Amino acid sequence: MTGGKGFARLIAVVAALAAFYVFIYLPVAVLVLFSFHAGTVPVPPFEGPTLEWYAEVLGNGRVTDGIFNSILVGALSSLLAAGLGFLAAYGMARHSPPGSTVIQAAIMMPLTMSYLVIGLGLLILFSSLGFGKSLWLVGIGHVVINLPLCFAIIVSQLGGHQAALERAARDLGASEFQVIARVTVPLIWPALFAAFCLAFTFSWDEFVIAFLLTSFDVTLPVVIWSMLRTGLNPETNAAGTLVFLVSLAVAVAFELAISRRKGTSP
Amino acid sequence: MTTFTAIPARYRALALFTGTTAIAAVLAMAPASAEEINALVWCDHTDDALLEPFTKATGIEVNVKDYEGTGTALTLVDQSQPGDWDVFVVDSTDVKRVVDRGLLAPVDPGLIDMSAIPDAVKAEDLHMVDGKWYAFPEKFGYNAIAYNRDKVSEADMRKAASMWDPKFKGEVAIYDYYLPIISQIAVGLGMNTADFTADDIPAVREKLFEMKKNAKLVSDVVTSQTALATGEVDILVGGGEYAVASLMAEQPELDWVLPAEGGVRWQQAIGVFADSEKKDAAGKFVAYILSPEGQARLATSSCYWGMPANMSAALTDAEKKSLRWDEQPAFIKGSQRYISPSEDLDTKLQDLWTEFLQQ
Amino acid sequence: MSAAQDMRLSGVAKRYGETTAVEDIDLDIPAGSYVVLLGPSGSGKTTLLSILGGFTVPSEGRVLLGDADVTDVPPAKRLTVTVFQDYALFPHLSVGDNVGFGLSVRRMPKQKTARRVNEALTLVGLPGMAGRRVHELSGGQKQRVALARAIALDPAVLLLDEPLGALDLHLRRQMQDELRSLQRTTAKSFVHVTHDQEEAMALADLIVIMKDGRIEDVGPPDRVYRSPRTRFAATFMGESTILDGRVVACNGGEARIETAQGPLTVVTDLPAGAGVAIAIRPEKLLLRAAKAGETGLGEATVRVVTFQGSFARVTLEGNDGLAALAKVAPEAAPRPGDRVALTAAAADLMLIADDSRRAETKGDAGR
Amino acid sequence: MMTPASAETRARRADLRRGYGFVAPALVWTAAFFALPIAITAVWSLFTRSGRTRDTSLSLANYERFFATPGFLSALVNSLEVAAIVTVVSVLLAYPLAWLIAFRVPARWQRLALILAILPFWTSYIVRSYAWLLVLAPNGVVNQALMATGLVAEPVSIAYSRTATVIGFVHFFTMLAALTIYASLVQINPRLLQAAGDLGASAVQTFWRVTLPLSASGVAVGAFLTFLITIGDYITPQILGGNTDVVLPQLILFQITRRGDIPFAAAMSLVLMVVISVVYILAARRLRMRT
């Protein structure tokens, strides 16, 4: 690399990346800033800072309930989606039943459908069956939308490499369950984890299905939506910032856990 | 040996997570020990400051679901199972319609002190059917014009025609609720909302669509408020004290007026669902909302402020000042109620609104 | 787990739709023998190993282990263990856990497992390595761990799928010796797949030469080398010069055969008129005129001479386009373009029944 | 009696049983909670609402109403336009970002770069859309920056418009498309690029003739997801669009929540479904042709 040209190129790369990150972080920065806004109206110019809105939001039972409900629905539905997705992916990859293109298309189909259509369908289905709206229905809907995603991620990771190792394990006397538990799952653990995390993220932030299928116990996005519609103050910003911080902490914790694991085996 | 130092570390996080959520799930399913009632309400009833004292005093938990507009509320009821709901807060002008659908049970007027409610607000014609009270008036306010005094003159805003005056093109926000806005146009055109029929629709429609040409946005309370506060728009059609009272302290240039032609008065009432299985608890909640303390908390609820129906509400002087307590007699006189549509007319008005949104 | 047992394939074929992977396979693997399946890629040797291991269920025929029919017994329940080409060591487990895997899925007590793991690791020359991580190992060490993992289960038959393919030449030779001695120590049957004929000769009690899904020849290495049954066996298992000919007369077990390089006599009872091939190993092809008891094979032109250390490799073109190959002492090597005479001792002429008769002769190949 | 031929058949059958056994739970779930609801939605779309009750005699009235009313059709057109613009802009922005991260950021920083790009999206989608209102406000960051640099003298009005909706969408989908494109870029064997260079291709030629075709699947997946989610989303246009440029999901939600006309909402969502399916089939065919 010739010094001057290389340096110029480096600057260009850094500048381009910086521009992207500014764009990506712009609303988040404003959001966080105005969560400390001292006025009741979260509009420029900024005044403050104050922690008043955090106290408000943490004292707001609907927000904390919403967070709890969101974690509950997200964790259970993502676990189920990743589990069903894994089983299907494993069956497809290792037993390749005939008609696998059709099966695959059937499993992937919800991915090509708008959440609104899925949510309305479930609303009609459950109301004609006489089921009341509840978080369980939201969880069911979230499994529907996340199952194809989990399936796709996991099936793409179930390659020939693990197949050879699974074959070896079977040869060494492991039952199918033992193969899955002791070889397949540990080997594709990152894919399973990624599928779970992605599913959780989608569930955590999903609005329309949750909006249509809940009444009293609602998830955080629905709480935030009604906060937005029902009062102009920086409490919403504080709630958004808290969500961000929690997510950040979780991401950092997992990142540390993974890198420490790597560190034990140099 | 090495297995246990290396591998389970991968599972540990998941195991912990799974365990926690499983416990959480069990906790969530555990039946709540306290008595619970479900209330379908406007958002001002979702304030913890309003609900907590009641729960503390009676041990009754109140689950609230907020809606905006009677249509939404009725849709929610349609999508529920009988017995799901106990308490209903609804626009006074829709009480009859709701009673016709068999949704409300009569309430015992002995529960509350009627004497402290002004006659215009008491409006027996709205709340009573066949001589029985079905809902009690609890709170009211105005849908008029909120505006930025630095940008537009109060004199202009006092003219109803300013709502569709092309000179304000791009400076107008419209509150996204068909009943008050249509009523407001009707009042602005000199009509009487009580006599509004389907024949009046074409005239309103014309002005409504003229107004849409000026409008920068049609949106819910908060989006409209934000637009007004950020200077995105200067005028909020359908705005009133509920929209700007909370902003005035920081942005004194924001204000609201009733046009000379008159404004529209919103008024909400509280009743008990006919198929509620907890009518006693629901009745206690109604009584609490209409008690002086309940009225004070409701009037200054965080979602929006408004005038308490019960004039004996325990409000401070400062709060009364913010609500323009003293000017109420004149305001009430200068304002009309929402159009009170039949099912058929309501459908027509909603279709009109859908068309308006798509203009 | 088990003492060594005989394993037998009888009438085995495997088809995938229209394509045939292996066909007409009859093979005995005597208990305690080292069998090498030798053949070019695509010859079906890996399919055969897979059928032995239970990963592939044959379309026809039976697989017997001892007296039991194990044709569709899954690998997990079969007394065979496979050492895979790429070792298939579990990257998420330590060396010890890899070796102990088979024992631990059978719920063997931990202490006993640990003891067996150490024994197996010691046997392959890796004592005390149980705590290592797999990715810390060298190629040769991985190979040994894979072996130890298989041996720890004490299988009746150990199946090795090109086990040395990934190693460099030096290491491969060393591992060959170790494999051989491991087989002797454990007294188990080893079935080893390779395409390297030197490896096959170095290891095998019994070599199975395969081509196009069929067995071409089976026998001890020296027999297969000295007297290959088919033309393919003669060229794949070491190089050969092949002369095509026809029996013109047969008399008391000696046949006179006409070739483009002249007449010659070999011991056989083939009838007159039969087409035959005669193979001569390069080191047996002499570049001089025939003496008494030797057979002259005409003249040839030297094409290429390559120095190979202890010998020189000479390719020649003889009468009728014959492609001949000889190995001679370097100091005696001719130069390209020289005309030389070709000669072989009568005993070094290896008779191969012609390809047209292969199908009939192959029938008894496994016996 | 066991014949060897049946051994193979039996083994294959056992394998099939297991295969279907593993796949079955996911299939059943999808059938019960995806296929069935959509089938019921289709039936309901043939009902009509009369007053607050339902007329369950089957008719195409809802579809006739949809296609006969200019307002509804224009919402569909708005939806298509917005989704198309968002898709194109997002991919155009995401590709360079993904390319920079995959090929210009050192390998050990790539993970961090990606995490940094994803992090903001862990904030609530709704709050983020709302935050754009503050960013785009007349006295917001964007206008202040524009005025400070002298690009404009007066604040530009961006919020509550189709532009604002598009910006809100693009913000999210640039990240999403960058992820799918990055995933396909890092799968390209670097030796292929070296080989192209070795065979005399310039950097630009290598990009157009090797890198881009090999990452086409990532682009297609990212673009399709963007289109799909954009055309079905309610939040962003509702918050940022100011209800002036109504899109189909807003009308569907309007029918569900305010008018309670579920049959009509069902008909509209089936129209939306058909549109998405057509786009999906086109995209899938294009992708198959290219690979």
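Note on naming: letters A, B, ... go to the chains in the order of the sequence lines (proteins, then strands), and numbering restarts at 1 for each one. These numbers were taken from a predicted model, which means no experiment stands behind them.
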Interface check, chain C: of A:Gln178, A:Glu166, A:Arg170, most non-hydrogen pairs under 4.5 Å belong to A:Gln178
Within 6.0 angstrom of C:Arg15 CZ, more than 12 heavy atoms from elsewhere: yes
At a heavy-atom distance under 4.5 Å, which candidate from C:Lys77, C:Gln85, C:Arg149 has the highest pair count against chain A? C:Arg149
Any sub-3.5 Å donor-acceptor pair from A:Asp171's side-chain atoms to C:Thr82's backbone N or O? yes
Establish, yes or no, whether the cationic atom of A:Arg167 lies under 6.0 Å from the six-membered ring centre of C:Phe55 and within 45° of the ring axis. yes
Closest heavy-atom pair and its distance - C:Phe90, A:Leu165: CE2-O, 3.2 Å
When you look at CG of C:Asp67, are more than 12 heavy atoms from neighbouring residues, nucleotides or ligands closer to it than 6.0 Å? no
Given the options C:Gly53, C:Gly102, C:Ala146, which has more heavy-atom pairs under 4.5 Å with chain A than any of the others? C:Gly102
Among A:Ala169, A:Ser175, A:Ala164, who wins on heavy-atom pairs under 4.5 Å with chain C? A:Ala169
Note: C:Arg106 and A:Leu172 closest approach over all heavy atoms is NH1-O, 2.6 Å
Heavy-atom nearest pair, A:Leu187 first then C:Pro91, reads CD2-CG, 3.4 Å
Pick from C:Asp86, C:Val83, C:Leu103, C:Leu89: which one has the most heavy-atom pairs with chain A under 4.5 Å? C:Leu89
side-chain hydrogen bond (donor to acceptor under 3.5 Å, both in side chains) between C:Ser104 and A:Arg182: does it pass, once the steps are laid out? CA-CA 11 Å; C:Ser104 111; A:Arg182 302 178 67 153; 2.3 Å; yes
